[in-house]
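Down below is the structure, laid out as structure tokens.
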Amino acid sequence: MGTTTDHRAVSRPYDRIKRTLDIVLAALLLVLLAPVMAVVALVVLVTLGRPVLFRHTRPGRHGELFDLVKFRSMRHADPERGLVTDADRLTRVGAWLRASSLDELPELWNVLRGEMSLVGPRPHLVSYLDRYTPQQARRHDVRPGITGLAQVRGRNSLGWEEKFGYDIEYVDNRCLGLDLRILVATVRVVLKREGISAEGTVTWHEFMGSAAGDGADRQPAEAVASRSTA
């Protein structure tokens, strides 16, 4: 059994600067990318119907819950039509949106609202909170990010222990220079479409806790698709 995130990281002078940069850059990107987001919204509406946006509750800084907002990339679950797993529900357009990371653009609103940052550990499922070790739970000492150190070091091709290691490395070393390097590297990763999915699944494997191991004991995310992705 892990622990919930009741740890409080020591605040740094950069944290205030980071929040200001998040607000300025997120607002600027929302204006500049508005035409792109409008086109994506129209494509989702035509191919998948309503709702265009997918909302899912995730833990943020200090484990406080918020609604993550993304563009939909999957059909609604429908067992009668055989739409159960992620592989069944993910459309060709949805796969393209994920590969290009265009489905992540609405998260800029989460950044403006103060629920996320441009850079930080990715927000995972609420069910994982009780599975973290105290060290892993430290990933919630900062706001979750649209991109992060783990995303530019392998993304979903990494095992969970590797991901958490990079998350804690970021928490301990966050600074302007690191954030800028991650943002630049993110452009490269997105253009090359690296690490989009974990081996053996169209998305990722569910984290079962460190005691369960980081390999053979992992369950495909398809097993929990209805509560985790859309």
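With H62 contributing its side chain and D141 its backbone, the two residues share no donor-acceptor pair below 3.5 Å. The main-chain N or O of P51 is found under 3.5 Å from a side-chain atom of R72 such that the two form a donor-acceptor pair. Within the 3.5 Å criterion, the main-chain N or O of A95 finds no donor-acceptor partner in the side chain of R98. Remark: side-chain polar atoms of R131 are paired, donor with acceptor, to backbone N or O of F207 under 3.5 angstrom. With hydrogens and angles disregarded, a donor-acceptor distance shorter than 3.5 Å links the side chain of N110 to the backbone of V69. Using a distance-only test at 3.5 Å, with no hydrogens or angles considered, no donor-acceptor pair links the side chain of K70 to the main chain of H56. At distances below 3.5 Å, at least one donor-acceptor pair connects side-chain atoms of R58 with backbone N or O atoms of P123. R12 places a side-chain N or O within donor-acceptor distance of the main-chain N or O of R174, the cut-off being under 3.5 Å.
The two residues P121 and Y170 come nearest to each other via the heavy atoms CD-CD2, 4.1 Å. What you find for A26 and V111 is that their closest heavy atoms are CB-CG1, 3.7 Å. Minimum heavy-atom separation, I146 to M116: N-CE, 3.7 Å. Closest approach of A27 to L112, counting heavy atoms only: N-CD2, 4.0 Å. Taking both residues in full, the closest heavy atoms of L102 and F71 are given as O-CD1, 3.4 Å, listed atom of the first, atom of the second, then distance. Shortest non-hydrogen contact noted between L53 and P106 is CD2-CG, 3.8 Å.
Ionic pairing of R122 and E104 is present here: one or more N-O contacts between side-chain nitrogen and carboxylate oxygen are shorter than 4.0 angstrom.
Taking CG of L118 as the reference point, atom CG of L29 lies at 7.0 Å (rounded to 0.5 Å). Rounding to the nearest 0.5 angstrom, the gap separating the CZ atom in R113 from the CG atom in D22 is 15.0 Å. Annotation: the span from R139 atom CZ to K163 atom NZ amounts to 9.0 Å, rounded to 0.5 Å. To the nearest 0.5 Å, atoms CZ (R138) and OG1 (T133) are separated by 10.5 Å. How far CD of Q151 is from CD1 of I182: 9.0 Å, rounded to the nearest 0.5 Å. The distance from the CG atom of L108 to the CG atom of L30 is 4.5 Å, given to the nearest 0.5 Å.
The aromatic rings of Y132 and F164 stand perpendicular to each other, their planes meeting at an angle above 60°, with 30° marking the opposite boundary. By the 30° and 60° cut-offs, the orientation of the rings of H124 relative to W160 is perpendicular.
Under the side-chain hydrogen bond (donor to acceptor under 3.5 Å, both in side chains) test applied with S117, the options R61, R143, K18 reduce to a single match, K18. The side-chain contact (heavy atoms from CB on, under 4.5 Å) with T186 is formed by just one residue from the set V190, V184, V189; it is V190.
Residues L191 and V187 form a side-chain contact, since some pair of their non-hydrogen atoms from C-beta on lies under 4.5 Å apart. Taking the side chain as every heavy atom from C-beta outward, H140 and E64 never approach each other to under 4.5 Å.
Residue I168 is not grouped with residue V152 when hydrophobic side chains (ILVMFWY) are merged at heavy-atom distances under 4.5 angstrom, including chains of intermediate members. Note on L176: it does not cluster hydrophobically with L25, by side-chain heavy-atom contacts below 4.5 Å among ILVMFWY residues. Cluster membership check: V52 shares its hydrophobic cluster with L68, using side-chain heavy-atom separations under 4.5 Å among Ile, Leu, Val, Met, Phe, Trp and Tyr. Grouping the Ile, Leu, Val, Met, Phe, Trp and Tyr side chains by contacts below 4.5 angstrom, directly or via other members, places V119 with L178. Under a hydrophobic clustering in which Ile, Leu, Val, Met, Phe, Trp and Tyr are joined whenever their side-chain heavy atoms come within less than 4.5 Å, directly or via other members, L183 and I17 fall into different clusters.
If you chain together ILVMFWY residues whose side-chain heavy atoms come under 4.5 Å of each other, L28 ends up grouped with L32.
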Check residues 37-46 and write down every donor-acceptor pair under 3.5 Å in which the side-chain atom is one partner and the other belongs to a residue at least two apart or another chain.
none

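Between the side chains of S101 and R155, at least one donor-acceptor pair of N or O atoms lies under 3.5 Å.
Counted within 6.0 Å of CZ on R19, heavy atoms from surrounding residues, nucleotides or ligands total more than 12; the atom is thus considered enclosed.
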